[in-house]
Amino acid sequence: MIEIYSFIFSLGLGIVARLLYLGASALAKRTDFLPVTVVLDMLVALVVGGAFIAYIIFSAAELAPYMFAALGSGYVVTLALTKRKHKNA
């Protein structure tokens with residue numbers, strides 16, 4: 001049962017990662033200052049990575065490849081849903 005919870009958590013964390021990145025990108029565009037962009041990108045990576053590691057430690061789940069696949073899949077699905085379409089005119 002822990003594998004199902006780990007999969008769901010990793011999938012959700014991938015979705016949250018993309019949404020955090022969208023928010024950080026919007027804030028970085030608003031400030032238009034490179035150090036702010038770098039710091040925000042690092043914070044997003046630390047929050048997502050920290051949450052993933054904390055889940056592994058506190059749930060005593062075994063680290064498995066499907067967790068990384070679920071994390072990436074959640075991010076990619078959210079990326080596909082939130083991608084802007086550019087007009088070529």
Side-chain angles (χ1 to χ4, degrees):
M1 198 66 178
I2 191 75
E3 291 87 6
I4 294 172
Y5 295 141
S6 296
F7 180 80
I8 292 170
F9 179 81
S10 298
L11 190 66
L13 190 60
I15 293 169
V16 168
R18 176 64 183 164
L19 297 177
L20 275 176
Y21 181 75
L22 285 174
S25 295
L27 186 59
K29 281 182 185 178
R30 190 172 200 105
T31 60
D32 198 28
F33 193 52
L34 185 61
V36 172
T37 304
V38 171
V39 168
L40 287 174
D41 285 346
M42 287 174 48
L43 284 176
V44 168
L46 287 174
V47 166
V48 173
F52 189 72
I53 291 169
Y55 176 78
I56 298 296
I57 291 170
F58 293 129
S59 70
E62 292 183 19
L63 195 56
Y66 69 84
M67 295 173 76
F68 294 106
L71 183 67
S73 297
Y75 188 88
V76 170
V77 167
T78 310
L79 173 68
L81 293 175
T82 59
K83 189 184 290 187
R84 293 183 185 168
K85 294 184 175 43
H86 297 285
K87 294 182 181 178
N88 294 333

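Atoms considered below: every heavy atom in the structure, side chains included; atoms not considered: hydrogens, waters and symmetry mates.
Atom OH of Y5 has 12 or fewer neighbouring heavy atoms from other residues, nucleotides or ligands inside a 6.0 Å radius.
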Enumerate, atom names and distances included, each donor-acceptor pair closer than 3.5 Å involving a side-chain atom of residues 39-63, sequence neighbours excluded.
from : atom 1 : to  : atom 2 : distance (Å)
Y55  : OH     : S6  : N      : 3.2
Y55  : OH     : S6  : OG     : 3.2
S59  : OG     : Y55 : O      : 2.6
S59  : OG     : A61 : N      : 3.4

Which atom pairs, donor and acceptor, lie under 3.5 Å between side-chain atoms of residues 72-81 and protein residues at least two apart or in another chain?
from : atom 1 : to  : atom 2 : distance (Å)
S73  : OG     : A69 : O      : 2.7
T78  : OG1    : G74 : O      : 2.7

Tabulate below the donor-acceptor pairs under 3.5 Å that side-chain atoms of residues 12-29 make, not counting sequence neighbours, or state none.
from : atom 1 : to  : atom 2 : distance (Å)
R18  : NE     : T82 : OG1    : 3.4
S25  : OG     : Y21 : O      : 2.9

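Residues V38 and F33 do not share a hydrophobic cluster, clusters being chains of Ile/Leu/Val/Met/Phe/Trp/Tyr side chains in contact below 4.5 Å.
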